[in-house]
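Some notes on the structure that comes next.
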Amino acid sequence: ALANIWKGVLNVDRVGVYDNFFHLGGDSLMAVKMVSRMTEAFSMEISLETIFRKPTISEQAEVIEEMLLDELGKLSEHEARRLID
(Lines give C-alpha, C1' and ligand atoms only; values in the text may rest on other atoms or scores of the structure.)
Protein backbone atom coordinates (compact mmCIF):
# COMPACT_ATOMS: atom_id res chain seq x y z
CA ALA A 1 0.00 0.00 0.00
CA LEU A 2 2.83 2.40 0.83
CA ALA A 3 4.58 1.71 -2.47
CA ASN A 4 1.40 2.56 -4.37
CA ILE A 5 1.02 5.80 -2.43
CA TRP A 6 4.64 6.70 -3.15
CA LYS A 7 4.28 5.92 -6.85
CA GLY A 8 1.20 8.12 -7.08
CA VAL A 9 2.69 11.06 -5.22
CA LEU A 10 6.10 10.87 -6.91
CA ASN A 11 4.62 9.97 -10.31
CA VAL A 12 7.04 7.08 -10.81
CA ASP A 13 6.52 3.51 -12.00
CA ARG A 14 8.65 1.71 -9.41
CA VAL A 15 9.93 2.32 -5.91
CA GLY A 16 12.01 0.15 -3.64
CA VAL A 17 11.46 -0.29 0.07
CA TYR A 18 14.86 1.29 0.79
CA ASP A 19 14.57 4.18 -1.68
CA ASN A 20 14.68 7.61 -0.07
CA PHE A 21 11.55 9.70 -0.73
CA PHE A 22 13.57 12.88 -1.17
CA HIS A 23 16.23 11.30 -3.38
CA LEU A 24 13.43 10.22 -5.73
CA GLY A 25 12.31 13.83 -6.15
CA GLY A 26 10.02 14.23 -3.17
CA ASP A 27 9.72 17.65 -1.59
CA SER A 28 7.81 19.18 1.30
CA LEU A 29 4.59 19.67 -0.69
CA MET A 30 4.70 16.05 -1.84
CA ALA A 31 5.34 15.01 1.76
CA VAL A 32 2.09 16.75 2.76
CA LYS A 33 0.29 14.76 0.04
CA MET A 34 1.92 11.58 1.33
CA VAL A 35 0.70 12.25 4.87
CA SER A 36 -2.83 12.86 3.63
CA ARG A 37 -2.92 9.68 1.55
CA MET A 38 -1.30 7.57 4.27
CA THR A 39 -3.72 8.89 6.89
CA GLU A 40 -6.64 8.01 4.62
CA ALA A 41 -5.28 4.59 3.65
CA PHE A 42 -4.45 3.46 7.18
CA SER A 43 -7.13 5.37 9.11
CA MET A 44 -4.58 6.83 11.47
CA GLU A 45 -2.81 10.15 11.86
CA ILE A 46 0.63 9.98 10.30
CA SER A 47 2.75 13.02 11.12
CA LEU A 48 4.59 15.06 8.53
CA GLU A 49 7.64 14.65 10.73
CA THR A 50 7.50 10.89 10.03
CA ILE A 51 8.14 11.48 6.32
CA PHE A 52 11.20 13.59 7.07
CA ARG A 53 12.63 11.37 9.83
CA LYS A 54 11.73 8.07 8.14
CA PRO A 55 12.14 8.70 4.40
CA THR A 56 11.99 5.07 3.21
CA ILE A 57 9.04 2.73 2.79
CA SER A 58 10.74 0.27 5.12
CA GLU A 59 11.01 2.84 7.91
CA GLN A 60 7.51 4.18 7.39
CA ALA A 61 6.07 0.66 7.43
CA GLU A 62 7.74 0.10 10.82
CA VAL A 63 6.15 3.28 12.19
CA ILE A 64 2.72 2.26 10.92
CA GLU A 65 3.14 -1.25 12.30
CA GLU A 66 4.07 0.15 15.72
CA MET A 67 1.04 2.45 15.65
CA LEU A 68 -1.26 -0.43 14.71
CA LEU A 69 0.15 -2.66 17.43
CA ASP A 70 -0.28 0.15 19.94
CA GLU A 71 -3.93 0.54 18.91
CA LEU A 72 -4.49 -3.22 19.11
CA GLY A 73 -3.00 -3.24 22.59
CA LYS A 74 -5.65 -0.74 23.70
CA LEU A 75 -8.53 -3.03 22.68
CA SER A 76 -10.46 -4.92 25.27
CA GLU A 77 -10.57 -8.69 24.95
CA HIS A 78 -14.15 -8.43 23.67
CA GLU A 79 -13.18 -5.90 20.98
CA ALA A 80 -10.22 -8.03 19.91
CA ARG A 81 -12.39 -11.13 19.58
CA ARG A 82 -14.87 -9.20 17.41
CA LEU A 83 -12.05 -8.31 15.02
CA ILE A 84 -10.90 -11.92 14.77
CA ASP A 85 -14.37 -13.41 14.23
Side-chain angles (χ1 to χ4, degrees):
L2 279 174
N4 286 331
I5 292 170
W6 275 48
K7 289 189 291 187
V9 170
L10 294 168
N11 196 29
V12 294
D13 293 329
R14 297 180 66 189
V15 294
V17 295
Y18 301 111
D19 288 340
N20 184 299
F21 177 76
F22 299 101
H23 295 169
L24 292 177
D27 58 27
S28 58
L29 291 176
M30 290 178 177
V32 170
K33 278 187 189 178
M34 284 276 294
V35 166
S36 175
R37 292 184 185 183
M38 289 168 68
T39 297
E40 183 179 323
F42 300 106
S43 300
M44 60 179 56
E45 289 295 320
I46 310 293
S47 72
L48 184 58
E49 180 182 8
T50 298
I51 306 300
F52 286 92
R53 289 187 182 265
K54 309 287 186 174
T56 68
I57 290 173
S58 175
E59 293 170 316
Q60 291 171 10
E62 286 178 9
V63 170
I64 292 167
E65 180 180 30
E66 288 173 15
M67 292 172 71
L68 287 170
L69 289 173
D70 185 51
E71 288 300 311
L72 286 173
K74 294 177 185 176
L75 295 177
S76 69
E77 186 174 332
H78 174 72
E79 291 169 321
R81 287 185 187 277
R82 281 189 23 220
L83 286 175
I84 293 171
D85 295 334

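Note that these values count all heavy atoms, side chains included, but never hydrogens, waters or copies made by symmetry.
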Could you state the interatomic distance from CD1 (Ile51) to OG1 (Thr56), rounded to the nearest 0.5 Å? 10.5 Å
Test side chain to side chain contact (heavy atoms under 4.5 Å, CB included) on Leu69 and Glu66; report intermediate values, then the result. CA-CA 5 Å; Leu69 289 173; Glu66 288 173 15; 5.8 Å; no
Measure the OG1-CD distance between Thr50 and Glu45 for me, rounded to the nearest 0.5 Å. 11.0 Å
Those residues at least two apart in sequence (or on a different chain) that pass salt bridge (Lys or Arg N to Asp or Glu O under 4.0 Å) with Glu40 are none
Spacing of Met34 atom CE and Ile46 atom CD1 [to the nearest 0.5 Å]: 9.5 Å
When rounded to the nearest 0.5 Å, the distance separating CD1 of Ile5 from NZ of Lys7 is 11.5 Å
Would you give the length of the straight line joining atom CG of Leu24 to atom CE of Met30, rounded to the nearest 0.5 angstrom? 10.5 Å
With a 3.5 Å distance limit and no angle check, can you tell me whether Gln60 reaches the backbone of Lys54 through a side-chain donor-acceptor pair? yes
Would you sort out whether Met67 and Val63 count as a side chain to side chain contact (heavy atoms under 4.5 Å, CB included), showing the intermediate values? CA-CA 6 Å; Met67 292 172 71; Val63 170; 3.9 Å; yes
Residue pair Leu2, Phe42: steps toward the side chain to side chain contact (heavy atoms under 4.5 Å, CB included) verdict: CA-CA 10 Å; Leu2 279 174; Phe42 300 106; 3.9 Å; yes
Donor-acceptor pair, side chain of Thr39 and main chain of Val35, under 3.5 angstrom: yes
Tell me, which pairs form a salt bridge (Lys or Arg N to Asp or Glu O under 4.0 Å) where one or both residues lie in residues 13-39, sequence neighbours left out? none
CE of Met38 to CG of Leu48: how many Å apart, nearest 0.5 Å? 10.5 Å
Does Asp70 CG have over 12 foreign heavy atoms under 6.0 Å away? yes
Taking it one step at a time, do Phe52 and Phe22 satisfy ring pair (Phe, Tyr, Trp, His ring centres under 6.0 Å)? CA-CA 9 Å; Phe52 286 92; Phe22 299 101; 5.1 Å; yes
Would Val15 and Phe21 count as a side chain to side chain contact (heavy atoms under 4.5 Å, CB included) if you check the C-alpha gap in whole Å, the side-chain angles of each, and the deciding distance to 0.1 Å? CA-CA 9 Å; Val15 294; Phe21 177 76; over 6 Å; no
